[in-house]
Amino acid sequence: KTTFQGITTTINMCNGNIPAPESHIQTPIGTAITAAPALKTISKTELASHNTPRSAWCSVHSQVLDITAFSKTHPGGDTILLAAGKDATVLFETYHPRGVPQSLVKKLQIGVMEKGAFQDSFYSWDSEFYKVLKKRVVNRLEERGLSRRGSVEIWIKGILFLVGFWFSLYKMYVTPTLPTAAAWSLSMGIFAAMIGTCIQHDGNHGAFAKSNLINKLAGWTLDMIGASAFTWEVQHMLGHHPYTNVLDGEEEAKKEKGIDCPLEEKDQESDPDVFSSFPLVRMHPYHEPQWFHAYQHLYAPILFAAMTLAKVFQQDFEVATSQRLYHIDAKCRYGSIWNVIRFWAMKVITLAYMLGIPIYFHGVLMGLGLFVIGHCACGELLATMFIVNHVIEGVSYGKKVSSEGPNGNEKVVKPSTMYGDTPMEITQKDAMQRAIDKKGNGDIVLVPYNDWAAVQCQTSVNWAPGSWFWNHFSGGLSHQIEHHLFPSICHTNYCYIQDVVESTCREYGVPYQSEKSLFVAYFKMLSHLKLLGREKSE
């Protein structure tokens, strides 16, 4: 209970409590509900053992589904296999804005998770906020006649960027002078970044086109520019998107003591982006600060340029050979021999035309230099557009802890800024006051602080919201809140649904932070990094 200006309002604070599965799955009106036969109880260990394309199980709101055969006919393609061996509730909810027929879920269900298996989840799914938001966004797309996946605009951009990349690469080959060849390498790097944000990003999220084949080819363009789409899927879609700015407190404490637990003991609810993208940069207030972090706002922009080099030559190979990315099991992708063959083949081919051929034309030193110039241009642009969305003044961070709250098993999981305050407390009070002004009372039930969709809004920041140009320039990264809430919607639609998301957040008292421009966001990000270089939050 929270009292505000004499009005008592109920605010739910949930410990990842899992509601009845049927409340999240479509049930046709008039369908008779019959008693289901007893289902097998499955442990987390058994679920985790079915983690490859050959045997893929997943948990959705504690229902265990066998998706092995279904992955071949799944409307969204084999993206569903990313869920293998995991709690896939977040993936299930976020990639199906129109819902999933209950009949299909029941057909795939082979058991239920043992009691309490995922009761320690950071998230709550009890609120109506995300359900209402999804319905409103789908209605907006239908009103404007927009397809959820694909658009004419993204095809035009895709063709232009692919032509620009290959033309720049060719000109880099045949230009004999270093300054001009370097300019073409710079151009190639910029086009590679645009391919990354505007083609592969949507393709791997299943949003570039309605065709699964086209989406797969669009996602493959990440391999074309040198990185691995499979590694990106594991980090971005299994780590960053579901658990944005969330850190597993227990795992972090063990790492500080030099303890590395076996993979099966690690918690999947932790964002790898906050500790893996830039190892020398402190991007989360619960991380232990080092002396050099006091200067990170000065050297971070230089490190940004090395981002793609590090991923291409270090992270990709580590994940492919170990079949894991930190705390995330990567066998869902690298457990397939065909995917492994594709990985190594594309590494050889891309290094041949991005490094081997330039060396052939220009010699070793100049060829290597041109290769580095292109990568640095790509890395700097990509890192700049990504980091300002989650590491910036006003953004919140989550820390998953095991300590009990005042009501026994209830945990205190309110996301908070690096100063320890929770912006959602303010937006909730504002929503209550608006209700009082409009209806004469503030007796409303507000969204839990740890509601999954609300956490995405608390941990993400937009820049240049509503701008058609910047939305296209960034591949939708300027509308980061919309992208995190609706990753399966083509980014060209974000500027058309932005006002729906913002108004719904305002109605429910959920934060919706945005900056005027990329430039404003960039300098606020640097200022935030400077502050993060100081003391540790507890």
Side-chain angles (χ1 to χ4, degrees), residues 47-58 65-86 88 91-92 95 108 110 149 158 162 192 195-196 199-241 263 268 272 308 311-326 328-356 487-488:
L47 176 70
S49 68
H50 295 271
N51 59 347
T52 70
R54 297 184 301 276
S55 179
W57 294 4
C58 69
L65 314 181
D66 185 345
I67 55 175
T68 312
F70 181 60
S71 66
K72 296 177 176 60
T73 58
H74 177 235
D78 72 351
T79 302
I80 193 174
L81 290 175
L82 291 172
K86 304 172 181 69
L91 297 175
F92 178 88
Y95 280 86
L108 299 176
I110 58 172
R149 300 191 293 171
L162 288 171
I195 289 171
I199 302 179
Q200 79 82 20
H201 195 183
D202 282 71
N204 283 314
H205 276 300
F208 187 89
K210 294 180 180 178
S211 165
N212 291 330
L213 175 61
I214 298 299
N215 280 324
K216 181 63 72 174
L217 290 174
W220 170 83
T221 59
L222 185 59
D223 296 72
M224 184 196 77
I225 61 176
S228 168
F230 296 138
T231 299
W232 183 90
E233 285 179 313
V234 173
Q235 173 157 351
H236 190 75
M237 297 169 68
L238 294 180
H240 173 62
H241 259 264
L263 180 61
Q268 72 182 61
T308 56
K311 290 189 178 298
V312 168
F313 287 107
Q314 179 188 3
Q315 187 184 70
D316 282 351
F317 290 105
E318 288 180 352
V319 177
T321 54
S322 69
Q323 297 190 340
R324 60 178 283 189
L325 188 146
Y326 306 105
I328 306 174
D329 185 353
K331 290 181 181 177
C332 56
R333 281 309 191 209
Y334 291 108
S336 164
I337 185 62
W338 295 111
N339 288 350
V340 172
I341 291 173
R342 169 181 144 174
F343 171 83
W344 289 106
M346 287 306 302
K347 284 296 182 182
V348 172
I349 293 170
T350 54
L351 283 175
Y353 62 70
M354 295 185 74
L355 181 59
S488 67

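It should be emphasised that the depicted structure is a prediction, and the values quoted were computed from it without experimental measurement.
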Is there side-chain contact between Leu238 and Asp329, with heavy atoms separated by less than 4.5 Å?
no
Can you find a heavy atom in the side chain of Thr79 that is under 4.5 Å from one in the side chain of Met237?
yes
Test of understanding: with side-chain hydrogen bond (donor to acceptor under 3.5 Å, both in side chains), list the residues that count as partners of Asp66, not counting sequence neighbours.
Thr68
For residues Trp344 and Ile341, determine if any side-chain heavy atom of one lies less than 4.5 Å from a side-chain heavy atom of the other.
no
Do Tyr334 and Thr231 pair up side chain to side chain, a donor and an acceptor below 3.5 Å, judged on atom types alone?
yes
Considering all heavy atoms, the nearest Pro487-His241 contact
CB-CE1, 3.9 Å
Measuring from Gln200:CD to Leu217:CG, what's the distance to the nearest 0.5 Å?
13.5 Å
Write down the atom of Leu222, the atom of Ala229, and the distance for their closest heavy-atom approach.
CD2-CA, 3.7 Å
On a heavy-atom basis, which atom in Val319 and which in Ala330 lie closest, and how many Å separate them?
CG1-CB, 3.9 Å
State which residues pass salt bridge (charged side-chain N to carboxylate O under 4.0 Å, His left out) with Lys331; sequence neighbours excluded, sorted by chain then number.
none
Does the side chain of Leu65 reach to within under 4.5 Å of the side chain of Cys58, using non-hydrogen atoms?
yes
Does some side-chain heavy atom of Met224 sit less than 4.5 Å from a side-chain heavy atom of Ile195?
yes
Nearest 0.5 Å, please: how far is CD in Gln323 from SG in Cys332?
10.0 Å
List the atom of Leu81, the atom of Ala56, and the distance in Å for their closest heavy-atom pair.
CD2-CB, 3.8 Å
Stepwise side chain to side chain contact (heavy atoms under 4.5 Å, CB included) test for Asp316 and Lys347
CA-CA 10 Å; Asp316 282 351; Lys347 284 296 182 182; 2.8 Å; yes
What distance separates Phe230 CZ from Asn339 CG, expressed to the nearest 0.5 Å?
3.5 Å
Are side-chain heavy atoms of Trp232 and Gln315 found at a separation under 4.5 Å?
no
Using atom types as modelled and distance alone, determine if a side-chain donor or acceptor of Asn204 lies under 3.5 Å from a backbone N or O of Glu233.
no
Are any non-hydrogen side-chain atoms of His205 and His236 less than 4.5 angstrom apart?
yes
So, for Ala209 and Ile214, which heavy atoms are closest and what is the spacing to 0.1 Å?
CB-CG2, 3.6 Å
Quick check: do Lys86 and Leu47 have side-chain heavy atoms less than 4.5 Å from each other?
no
Closest non-hydrogen atom pair between Phe343 and Ser228, with its separation:
CD1-OG, 3.6 Å
With rounding to the nearest 0.5 Å, note down the distance linking OG in Ser71 to CG in Leu82.
11.0 Å
side-chain hydrogen bond (donor to acceptor under 3.5 Å, both in side chains) partners of residues 214-224, not counting sequence neighbours, each pair once
Asp78-Lys216, Asp223-Arg342
Distance, nearest 0.5 Å, that separates CH2 of Trp57 from CD1 of Ile110
4.0 Å
Using 0.5 Å steps for rounding, measure from the CD1 atom of Ile225 to the CD1 atom of Ile199.
9.0 Å
